[in-house]
Amino acid sequence: MADGKPNPYLRTSMQATVTRSQILNQTRLSTVDISAQIKAEQEKRGKDSSSQRDDTRVSLTGVGYDQDIYGSGNKFEGYSTSLPMDDDDDEEDELSQRAAQKKLSSYTAPKEVYAHLTSAEDEDHDPFAGRSESKRVIDRQDDYHKRGYNRALSPSRQDAFAKDHGAAGSEARTYAEVMREAELEREQQRVLQKIAEKKKEAQKATGQDAPPPPTPTGRKRRWDVATPVVAPAATSTWNEPDDHVAAPTNRWEETPKADVKKRNRWDETPVASNTSSWDATPRASSGVAETPTAKRSRWDETPVAPSGMFGATPMAGQLGMVTPNLAVPMTPEAMNAQRWEHEIDMRNRPLTDDDLDAMFPTTGYRILEQPATYTPIRTPGRKLTATPTPYTGNGFMMQDENLKQNYGIAPTELEVPGGGNLPFFKQDDMQHFGKLLDEKDESSMSAEDIKERKIMRLLLKIKNGTPAMRKAALRTITDKARDYGAGPLFNQILPLLMSPTLEDQERHLLVKVIDRILYKLDDLVRPFVHKILVVIEPLLIDEDYYARVEGREIISNLSKAAGLATMIATMRPDIDHADEYVRNTTARAFSVVASALGIPALLPFLKAVCNSKKSWQARHTGIKIVQQIAILLGCAILPHLKNLVDAIAKGLEDEQQKVRTIASLAIAALAEAAHPYGIESFHSVLKPLWSGIKKHRGKGLAAFLKAIGYIIPLMEEEYANFYTKEVMPILIREFQSPDEEMKKIVLKVVKQCAGTDGVSPQYIKEEILPEFFKNFWVRRMALDRRNYKQLVETTVELAQKVGVTEIVSRIVEDLKDESEPYRKMVMETIEKVVTQLGAADVDGRLEEVLIDGILYAFQEQTTEDIVMLNGFGTVVNALGYRSKAYLPQITSTILWRLNNKSAKVRQQAADLISRIAVVMKTCGEEKLMGHLGLVLFEYLGEEYPEVLGSILGALKAIVNVIGMSSMTPPIKDLLPRLTPILKNRHEKVQENNIDLVGRIADRGAEFVSAREWMRVCFELLDMLKAHKKGIRRAAVNTFGYIAKAIGPQDVLATLLNNLKVQERQNRVCTTVAIAIVAETCAPFTVLPALMNEYRVPELNVQNGVLKSLAWVFEYIGEMGKDYIYAVTPLLEDALMDRDLVHRQTACTTVKHMSLGVVGLGCEDALLHLLNFVWPNIFETSPHVINAVMDAIDALAVALGPATILQYVVQGLFHPARKVREIYWKIYNNMYIGAQDGVIPFYPSIDNDGANRYERTELFYVV
Amino acid sequence: MSKHHPDLIMCRKQPGIAIGRVCEKCDGKCVICDSYVRPVTLVRICDECNYGSFQGRCVVCGSPGVSDAYYCANCTRGEKDRDGCPKIVNLGSSKTDLFYERKKFGFKKR
């Protein structure tokens, strides 16, 4: 190439690069040019070849040859005549898809991955883009959950119990004020709705359709109009058994008013502009165009009017005003809004002529002239209304952040004054923490400001800091909570929690802060209860289980701190709140309060609410509270069942459909919780339920059916029978219902009815089964997870009544169905039925079909799922000896599949061997198993760890069944092959391998030489590093077996050396291994060497020795009595050591020692040790003091409580509180454990006048 | 578990006839002191801890149970088996912290 001659190879490779980059990066100009050229070239060539094809004559340019000899066919036939340039991606995808269809995916990076890598390796492509988006809480929430942000933090309430009523600040409101306000708001809602209705009617009357009416169902997303968020499956959840969360789409739950309330902000008509101030875009126009009839934000009425959004926080400016007060930093919403604004502006900008040209075809369109009458808007006022942008419209903007902006440089690390280095500081944090960065001099500030900044700094550290910083800050804020005061703390934490930019973890951390300070603040929180609830209640309906539990914990702590009266007073106004969201969350919060403070305390209130005459919303919420209580508390409601049922009974005959529905759901929840007791409490509601079933249709019917379905299992036999017979026709009628909810409920009720004693199998067979299978066993049911589960459960329940054959014979053919999920569902049902009822019922013919179907389904599966494997194993095991006839076929399938190219197939084959090994033994197929063993042995070179693990598991299963001596390959060949595999770092391999090696060491150690076992020992030491506990445990146990086989000396030497390593986990495991060796080979073989090791002047080693001793004495228990005197001098030394850990470990040893030798006559040594333990009671380190207390407890058991009492009385009345405390703690422990044993040894004190101390009866005994 | 995680809270109500279970991971452990040595006394839990979806769950960590739970010999000797229902009723900060830590990085839920 140096001579300028083009190298042909080089050129091709260059071309290839060009081609690829052309595919990869079509945006680059140069590449586009090249690709265009290539395309043109290609087209030309294509034309050539096509002309060639058409032309049968011998041409000058083409190749001329004899057609007689070479045939007249086109030599290009069947070939691709050109290299595909643009579409090879697609083809490759298709290829790989076809490949994936044909076989299981394997471990080699499949073609899709390559395709993905090559196609995705765009420079601008950010692989984490998809991830980073979903971190914020708000992004994964749907509209319903987002309603939580519509609520505002109300001003503090007055603490009715406080002595000084001005404590919470002058703006604190009383209960009466809040109630009045709520009433006012409801009234407003009503009026607004009326106005809206009137307007609609008027519109209808005039036939105008100019202003588009707000969409009646489902509002548009406020946050992102362009990109739809993937909302969680919006299934309705009113019938969910547990604390799953009500989803928004539920038609029942929604208040009739709810639709009208929220309006789309893009709506053009500024009619009822009652959008909440939390709306995404703060519109400047709304302030201008507001009509007198429009509703003001409800927080405007509060005394802190200027701060429109955060009623409580004084920091926010008035975003709705025309001239925003820009001195304060923007709130996150404003930031967000602005961001959106920019984007929307970009998208909505006027289209230029160029744009339009690019969009439309060049022909067929004509540019019209503007009409002569047209005049563009020139009045600035109208312009202002036309573009509702708060800042840009005003012509100037002075952002605070600009001063601190780090232009383009990612703000990864930021020095917050006095805050240390934070790992990150997001732009969003500026809203809340911007103050910290203004670098004012703290000495010139007021005490309040300094406090505020301190809290802010701590919160920032908790939110953004490293784990260590976070921990320290959390501790500080907890310890100083009372100094800071509830107000300053909550005024900062709560707005942070309402911020829409919050991420999951941040929310968790802040919630944790609230939890911690709640404990400390106790009744100081009362004025803030409502604010906290506003923030925490949304957690109760979060999709995360963890968030829900967190929310419950906080509310329960809150109610304990604030007390029932405060809680009720605070939440009462929300019970008939206009917004369904608020009512829903309040009901859930109330149920948590009930669980925290007890149902009886809440009952009178509940009764009153459920019978409220004022509004049906209150009744609805009250009944919902009862339902939630039942769900949350479960069987703990039983003592109050009658009261709860009576409270909601009236709801079944309410005039509001919604109330009736929720009442029957609540009854269902109560009955479910009460099962199998409490039918007598439900007598009063049976009649209304029964008549309800006859009266209702659709959703209402479903709810009533559900209630009946849950009550029937509680009934006595003949009643259950009667009711089942009565309800069955309705159920069978509803089998055909297309409604998913109804389907689930019907399935559930069928299951419950079939489960009662009163229903005869005959009845089920004749009446239920045909319709049931016709309507439910269809492919569609397998697609939805919850339907799937419910159907399997119900079918299994039916099988309990009618037997295996009846069910299995109906579905067994479907094992060969073409839909895989459906096959899976069939398999799972068969597995469950066979597990519960066995296969004795199955006749020969069915057996054949069954095995055939299972084999088919097993081989045809494309997704790796445990279901098929389990099903196969269960059926074969259930058939037992009867499966002998099929074993050869099964084995040959396994062998065939062990040889498969795809790793997953091999793995499943190996897994199947371990499932059916026992059956093979039962069928007497030892020879077959030996053969399988040999085959597996040969496959030990397997390179995929998952498969290797399964192969080892299969070998283990075979060894277990046929025994060490008759194993093929012989153990002496097998083990040396396993030793190198011990080096494998894959968990599954390690686990299975160590199990197998341990089994061999346990049962067949004599087949292998001692040298080989030592080799295994060294490998095992590395195993102690494993992350998985099971592996470490298996490893230390194997040490025991090996020591038993080859004697403890060598093994012990290895282990003692290992005590010197740095890693703690490794050392701890070694100490356990030493103890196990001591246990298996008798302690006297180990103790001398171990105690000798204590002389090594190294902390780790000495601690290791002590720890080993602790384990040894725990393991050997009673045997310890022979060794106590030997180790006492060592323990003396350790208990006097300066090192804390020495004393701690020695105390643990003493504990185990003394518990082991209770009553065996070693009291003298123990008493001696007690004297060394006792001075440690004043230790403050939690681990040490725990160990010391444990030792004293154990010694109290071994020496009797009297001895300890003698020690304790010395300090019970010590003048120093710190001394007294620990003495009383020990005394209390003893009092709990051995109260009667202590009494005779109380010191006798002479009687005195005021308190008599006579103990005459006792003196008889003494 | 509660030995190594002091923030875990045990139920401590009066145990009923329900037998406590432990999951695969906690199998063999004493529910009080985490010892694997000599399991002796069968664990009984209260009715409420055995209710509904809690039935058959691990006493220690709440995952599906595979075997019966036991108190070890030393805890039995020290009468720790008579202190009431040993079911852990809260989640514990280490567990929740871990969950959110993982969630932050987008790992799949365990």
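Throughout, protein chains are lettered first and strands after them, A, B, ... in sequence-line order, and every chain is numbered starting at 1.
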I'd like to know if the side chain of [X] reaches the main chain of [Y], judged simply by a donor and an acceptor atom lying under 3.5 Å from each other, with no hydrogens or angles considered.
X      : Y      : value
B/R12  : B/G84  : yes
A/R548 : A/D542 : yes
B/D7   : B/S93  : yes
B/N90  : B/I9   : yes
A/D515 : A/E550 : no
B/K95  : B/C61  : yes
B/R44  : B/I17  : yes

Could you look at [X] and say if it's the side chain, the backbone, both or neither that has a heavy atom under 4.5 Å from chain A?
X     : value
B/D97 : both
B/Y36 : side chain
B/K80 : side chain
B/E48 : both
B/R38 : side chain

Contacting region of [X] [heavy-atom separation from chain B under 4.5 Å]:
X       : result
A/K512  : side chain
A/A673  : both
A/H1152 : both
A/I1076 : neither
A/A1198 : neither
A/A1194 : neither

Specify which of A/L633, A/V1197, A/L1155 makes the most heavy-atom pairs with chain B at under 4.5 Å.
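So the answer, after comparing A/L633, A/V1197, A/L1155, is A/L1155.
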
Identify which of A/H508, A/K1151, A/R507 forms the greatest number of heavy-atom pairs closer than 4.5 Å to chain B.
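Looking at each of A/H508, A/K1151, A/R507 in turn, A/H508 comes out on top.
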
Only counting residues at least two apart or in another chain, list the ones meeting salt bridge (Lys or Arg N to Asp or Glu O under 4.0 Å) with A/E1079.
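For A/E1079, no residue satisfies salt bridge (Lys or Arg N to Asp or Glu O under 4.0 Å) once neighbours in sequence are set aside.
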
Applying ring pair (Phe, Tyr, Trp, His ring centres under 6.0 Å), name anything that partners A/Y546, two or more places apart in sequence or on another chain.
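Scan of A/Y546 (ring pair (Phe, Tyr, Trp, His ring centres under 6.0 Å), adjacent residues dropped) gives B/F99.
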
